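Note that this is a predicted model, so its numbers are computed, not measured. Each chain gets a letter, A, B and so on, in the order the sequences are listed, and its residues count up from 1. Hydrogens, waters and symmetry mates play no part in the numbers below; they use all other heavy atoms, side chains included.
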Amino acid sequence: MTPSDAETHGHGGQSHGTRRGYLIGFGLSAVLTAVPFWLVMTGAIGDARVTAAWIIGLAFVQIIVHTISFLHVNTQSEGGWTLLALLFTAVMIAIVISGSLWIMYHLNANMMPMPPDTMPTAP
Amino acid sequence: MAKVSNQAEAATAPTFYVTEDDHAHSGGSTLLGFWIYLMSDALIFATLFATYGVVSANYAGGPGPRQIFELPLVALNTAMLLLSSITYGMAMIDMEAGRTRAVQAWLAVTALFGAGFVGIELYEFGNLIAEGATPQRSAFLSGFFTLVGTHGLHVTFGLIWILVMLVQVGQKGLIPENRRRLTCLGMFWHLLDVVWIGVFTFVYLLGALR
């Protein structure tokens, strides 16, 4: 490989950001970080469930902002393989986390009933 | 060498792949391979998040998240990591432009923010342990220390990597190999910031709402 080859930012490779792209991403993520902290620390929304829904939603938006503006994932980088790997991983993560929680939170209901006095001291 | 034989092969046999996708960087398929590694790392964090999610309400009579989490400290830590992400981005832009000095300066700033993050986290862990909220206290605390500690360990190794790159860029300049390494390090660093979004949201903020 010649040095000039290395300078070429060709199609299909890992894409790079621009200063503007980084700054927009940074501004968005600063807001998307500050708002959930503000919501929780001031209790601006009285209902904890509504607050929880908001901060989870904002976290997902922020993850997407970071993925696009900092990790530069798009349909072109590495011929689309980074995006494909990311989507596959996202599906795996969703299965692992939601599956674990689903099973474990329903475990109590699926266990055989046990009289309290035979139960060993709770961990 | 491999490239030449590939091309010779391509002339005779039909190709079922994009033959010209590995010339953009010296890394060839390294960047995609590193990306796959990062995805597997994300899966490690997914299992730790799942474990934490399962045990997060098992206090065993010990302290709960509301008593032990200090949100202002977490907010400061989050700011550290977010700032280190943008300074690393600036290093990447200067790398594209071939400004060695600027790259070194931004890398050093990134390392300072990263060190600040790890320092604050160790301070937090130290406080918790001093209060008796050790990993052995309850399942909740075991899950908490494992998840947050694994992230902190990743950041620590990222810091070591940044220091190594400072030495390598200082000695060899922005040669193609160093550009490839810096690109990989950047992906690693930004992914840790993405994982931290999950940590501060699902561990600290949702914990404080509990």
> Between A:Gly21, A:Ala85, A:Gly99, A:Gly43, which shows the greatest number of heavy-atom pairs under 4.5 Å with chain B?
Replying inline: A:Ala85

>> Let's test your reading of the structure: which of B:Leu191, B:Ile86, B:Thr201, B:Leu38 forms the most heavy-atom pairs below 4.5 Å with chain A?
In response: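 Going by pairs under 4.5 Å, I would pick B:Ile86.
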
Could you check if a side-chain atom of [X] sits within less than 4.5 angstrom of a side-chain atom of [Y], using non-hydrogen atoms only?
| X | Y | result |
| --- | --- | --- |
| B:Val54 | A:Ile103 | no |
| A:Ile56 | B:Leu206 | yes |
| B:Thr183 | A:His72 | no |
| A:Trp81 | B:Ile36 | no |
| A:Ile93 | B:Phe49 | no |
| A:Met41 | B:Pro72 | yes |
| A:Phe88 | B:Met39 | no |
| B:Val194 | A:Phe70 | no |

Please classify the contact of [X] with chain A as side chain, backbone, both or neither, using a heavy-atom distance under 4.5 Å.
| X | result |
| --- | --- |
| B:Thr87 | neither |
| B:Val195 | neither |
| B:Asp41 | neither |
| B:Thr78 | side chain |

> What are the two closest non-hydrogen atoms of B:Ala42 and A:Thr89, and how far apart are they?
Replying inline: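 Taking every non-hydrogen atom into account, CB-CG2, 4.2 Å.
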
> Looking only at heavy atoms, which two atoms of B:Ala208 and A:Val40 are closest? And how far apart?
Replying inline: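 So the minimum-distance heavy-atom pair works out to CB-CG1, 4.0 Å.
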
Rounded to the nearest 0.5 Å, what separates atom [atom1] in [X] from atom [atom2] in [Y]?
| X | Y | atom1 | atom2 | result |
| --- | --- | --- | --- | --- |
| B:Phe202 | A:Ile97 | CZ | CD1 | 7.5 Å |
| B:Leu82 | A:Phe26 | CG | CZ | 5.0 Å |
| B:Phe200 | A:Gln62 | CZ | CD | 4.5 Å |
| B:Ser85 | A:His66 | OG | NE2 | 6.0 Å |
| B:Asp193 | A:Ser29 | CG | OG | 7.5 Å |
| B:Leu43 | A:Met92 | CG | CE | 5.5 Å |

>> What residues of residues 131-151 of chain B make heavy-atom contacts with chain A at a cutoff under 4.5 angstrom?
In response: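 Expected list: none.
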
> What part of A:Ser98 gets closer than 4.5 Å to chain B, counting heavy atoms only: side chain, backbone, both or neither?
Replying inline: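 Neither; nothing under 4.5 Å.
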
> With only heavy atoms counted, which part of A:Leu58 is less than 4.5 Å from chain B, the side chain, the backbone, both or neither?
Replying inline: neither

> Does a sphere of radius 6.0 Å around CH2 in A:Trp54 hold more than 12 heavy atoms from other residues, nucleotides or ligands, not counting ones at 6.0 Å or beyond?
Replying inline: no

> Stepwise, does the side chain to side chain contact (heavy atoms under 4.5 Å, CB included) test hold for B:Met90 with A:Tyr22?
Replying inline: CA-CA 8 Å; B:Met90 295 298 120; A:Tyr22 274 110; 4.0 Å; yes

> What parts of residues 30-39 of chain A touch chain B if we use heavy atoms and a cut-off under 4.5 Å?
Replying inline: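 Counting heavy atoms that sit under 4.5 Å from chain B, the residues of residues 30-39 of chain A involved are A:Ala30, A:Thr33, A:Pro36, A:Phe37.
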
>> Using side chain to side chain contact (heavy atoms under 4.5 Å, CB included), reason through B:Trp35 and A:Val73 one step at a time and then give a plain yes or no.
In response: CA-CA 10 Å; B:Trp35 180 254; A:Val73 172; 3.5 Å; yes

